[in-house]
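Just so you know, ligand 1 is whichever comes first in the structure, and atom 1 is the first atom listed for that ligand.
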Amino acid sequence: MSKSKTWVDRPSKPAFTPPPGAVDAHVHVFGPETQFPFSPLAKYHPEDATPEMLFALRDHLGFSRNVIVQASCHGVDNAATLNGIRMSAGKARGVAVVDPEISDAELARLHEGGIRGVRFNFLKRLVDNAPKDKFLDIARRIAPLGWHVVVYFEADILAELIPFLEAIPTTIVVDHMGRPDISQGPEGADITAFKHLLDTHPNIWTKVSGAERLSVDGPPFADFVAVVRPIVERYPDRVLWGTDWPHPNMEHRIPDDGTLVDVLPKIAPTAELQRKLLVDNPMRLYWPEEFAG
Ligand code: 0GY
């Protein structure tokens with residue numbers, strides 16, 4: 001497998017200034033491979049995307065904090081994610097991917113290291129197995145820690161996933177809105193089914209991220225904005241946003257992170273919506289002890 005590089009080295013400076021304390025709530029770190037080798041089961045082999053690079057990007061884009069999500073290429077070894085959190089000096093927390101056999105002591109160690117959630121990945125191109133029964137065991141075990149569950153799936157399996165989602169006892173965050181087909185438009189079947197899920201399950205939140213993955217038109221992502229702005233307006237207290245740097249698997253459509261940040265005032269057009277999306281909601285989930293809202 002040849003190494004993939006999926007980010008631009010010098011992203012543009014966004015015109016939009018995120019509010020003070022803004023959290024980029026969906027990023028990854030890769031490696032450094034010499035210290036933190038990739039999983040033998042990894043479906044892609046990226047170049048190193050280190051914590052130092054992540055923090056430089058955070059500062060360049062005008063963000064204050066990050067949520068580092070364990071990427072599938074590191075399997076269930078969260079050492080690279082924990083290293084990124086440690087190096088952030090309190091400015092990052094994380095979401096882990098764990099083995100169903102994980103011990104309570106190891107869960108406690110992850111909590112100590114800044115992990116506040118677990119991710120269940122259902123994308124066949126990223127993982128070999130997505131065992132719902134084992135995921136539910138994990139969800140029940142992390143609930144007492146005050147963690148939440150992050151779920152990544154595509155729109156075609158939403159209906160079959162509903163009983164599984166309903167059995168999860170914690171807050172659930174859906175990555176990239178469950179990847180709706182944006183070309184269907186704001187009233188399309190995929191996003192309508194997703195809105196129904198949010199309407200009927202108040203514990204389900206979503207990341208309104210992924211413009212670069214979901215847009216058919218490309219920058220400045222007008223098709224994405226048309227579908228996603230109504231989501232932010234309808235569920236202002238249950239949305240998160242992240243750049244998704246270093247954009248795994250996007251080698252053929254590498255986004256400019258500055259351009260992605262400039263989508264924010266279009267999907268969250270008021271200062272209040274921006275503050276909820278970028279500060280209050282992620283703080284409530286990842287730094288609840290600091291959140292006084
Ligand atoms: C994302 C999306 C992707 C990859 C991963 O864990 C991962 O490898 O999440 C993807 O390829 O769609 O959100 O980072």
Pairs flagged by side chain to side chain donor-acceptor pair (under 3.5 Å) wherever residues 143-152 is involved - sequence neighbours left out: His111-Trp147, His148-Tyr286, Tyr152-Arg179
Would you mind listing every salt bridge (charged side-chain N to carboxylate O under 4.0 Å, His left out) that reaches into residues 126-136, with sequence neighbours excluded? Lys43-Asp128
With sequence neighbours excluded, give me every ring-ring contact (aromatic ring centres under 6.0 Å, His included) pair touching residues 118-140. Phe120-Phe135, Phe122-Phe135, Phe122-Phe164
Does the side chain of Ile267 come within less than 4.5 Å of Trp241's, by heavy atoms? yes
Would a line drawn from the ring center of Phe36 to the ring center of His74 be shorter than 6.0 Å? no
Please tell me if the side chains of Val27 and Ile68 come closer than 4.5 Å, counting only heavy atoms from C-beta onward. yes
So which residues, sorted by chain and number, lie with a heavy atom under 4.0 Å of ligand 1? His26, His28, Tyr44, Ala71, Ser72, Arg119, Arg125, Leu126, Tyr152, His176, Arg179, Arg213, Asp244, Pro248, Asn249
